[in-house]
Each structure stands twice: as C-alpha cells, then as structure tokens.
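Below is one structure, written out as structure tokens; comments come after it.
Any value given below was found using the heavy atoms of this structure, including those in side chains, with hydrogens, waters and symmetry copies removed. Numbers for residues simply follow the sequence, beginning at 1.
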Amino acid sequence: MAANSKFAVATHILTSLALISEEPDEAGLINSAYIASSVNTNAVVVRRIVSELVKAGLVISHQGKGGGLELGKSPEKITLLDVYEAMGEMPLFAYNPNKPNPKCPVSVKMAQILKPVFSEVQNGVKERLEEIKLSDLVHKIA
C-alpha cells in the first residue's frame, strides 16, 4: 500500500511560494513549470494540487502573461492542518474491508475496539499539524 504524497507536494509548493515572496527582487509569482521542476514532477500534477490549494484559499492564481502563483495568506497564518485539509483529509487508517467472520470473537469485535484508537490517533495528528506553521518550515530552509 503506497502512501498518498499530495500533502508533501502541497507543502513543498507552499514553501516554495513563501520563499519566493521573501526575496526582495521577485514579484512573488511562480509558474507551475518552475514549481514542477522544484518538486521534480510533471506540471500537470502541480496544477491539480494547486487547484485544491486555490479552492482552500491558500494560493492565489494569476492568469495571463506575467501571471503565476502566490500565497493566499502569510506563511505565519497557514498551518500544516490547513494543507492537510485542503488535500482532502484522508483517514490515517482503514478498517478491514472484509466482512467479519461471525464465528470468530476477534473478528466480530475488531472494528469496535479499533474505532477509538483510530479516532485518538487521527485527532493527535490534527492537533500536531495545527501547531506547525508554514513559516516554521520556511525558517528551516532559509
């Protein structure tokens, strides 16, 4: 089972935009081809993720000649939870897709006993992501 990398790519995009906006000689706009090069992926992948970031208000897209992308909020106001939610918040764990074996006491109780564990872990992840700001990541690079 492969993990979804949308969150990591979205965070990379936002960090790149934040760094460019800090450079005094730059207009603060980056095109998707530049970001795709930085992420080392296809521009189509970047555009798909950027569209989700735009919907969430984390990125502003300017069309036309001289257009590009910029942050929709300051890096201090964007949390990693914002990014996680913009990417369609996926549960960390999934239940066994098979029906429980009614003859097995473990099988019939497993979903019930895992539910609070899954919930606690998911909430812990969200709490931690809410503590980390995009600006924290930018400071680790700059």
Shared hydrophobic cluster for [X] and [Y] (ILVMFWY, side-chain gaps under 4.5 Å):
| X | Y | answer |
| --- | --- | --- |
| I60 | L71 | no |
| V45 | V39 | yes |
| V108 | L114 | no |
| L92 | I113 | yes |

Calculate, to the nearest 0.5 Å, the distance between atoms [atom1] and [atom2] belonging to [X] and [Y] respectively.
| X | Y | atom1 | atom2 | value |
| --- | --- | --- | --- | --- |
| I30 | I20 | CD1 | CD1 | 4.0 Å |
| L14 | K73 | CG | NZ | 10.5 Å |
| N98 | S107 | CG | OG | 8.5 Å |
| L134 | H139 | CG | NE2 | 9.5 Å |
| R47 | I13 | CZ | CD1 | 11.0 Å |
| D136 | I78 | CG | CD1 | 12.0 Å |

Tell me, do [X] and [Y] make a side-chain contact under 4.5 Å, heavy atoms counted?
| X | Y | answer |
| --- | --- | --- |
| I49 | L53 | yes |
| L17 | I35 | yes |
| L137 | L80 | yes |

Residue pairs passing the ring pair (Phe, Tyr, Trp, His ring centres under 6.0 Å) test where at least one lies in residues 96-126, sequence neighbours excluded: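 Every pair satisfying ring pair (Phe, Tyr, Trp, His ring centres under 6.0 Å) with a residue in residues 96-126: F93-F118, Y95-F118.
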
Under the 3.5 angstrom rule, does the side chain of [X] hit a backbone N or O of [Y] as a donor-acceptor pair?
| X | Y | value |
| --- | --- | --- |
| S16 | H12 | yes |
| S37 | A33 | no |
| E76 | K133 | no |
| D82 | T79 | yes |

- Query: Taking all atoms of both residues into account, what is the closest heavy-atom pair of Q63 and S61, and its distance?
  - Reply: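 It is NE2-OG, 3.0 Å.
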
Looking only at heavy atoms, which two atoms of V46 and A36 are closest? And how far apart?
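Shortest heavy-atom separation between V46 and A36 comes out as CG2-CA, 3.6 Å.
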
Next on the checklist: Taking E52 first and then K55, would you say they form a salt bridge - that is, a charged N and a carboxylate O separated by under 4.0 Å?
Outcome noted: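 No, E52 and K55 are not salt-bridged.
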
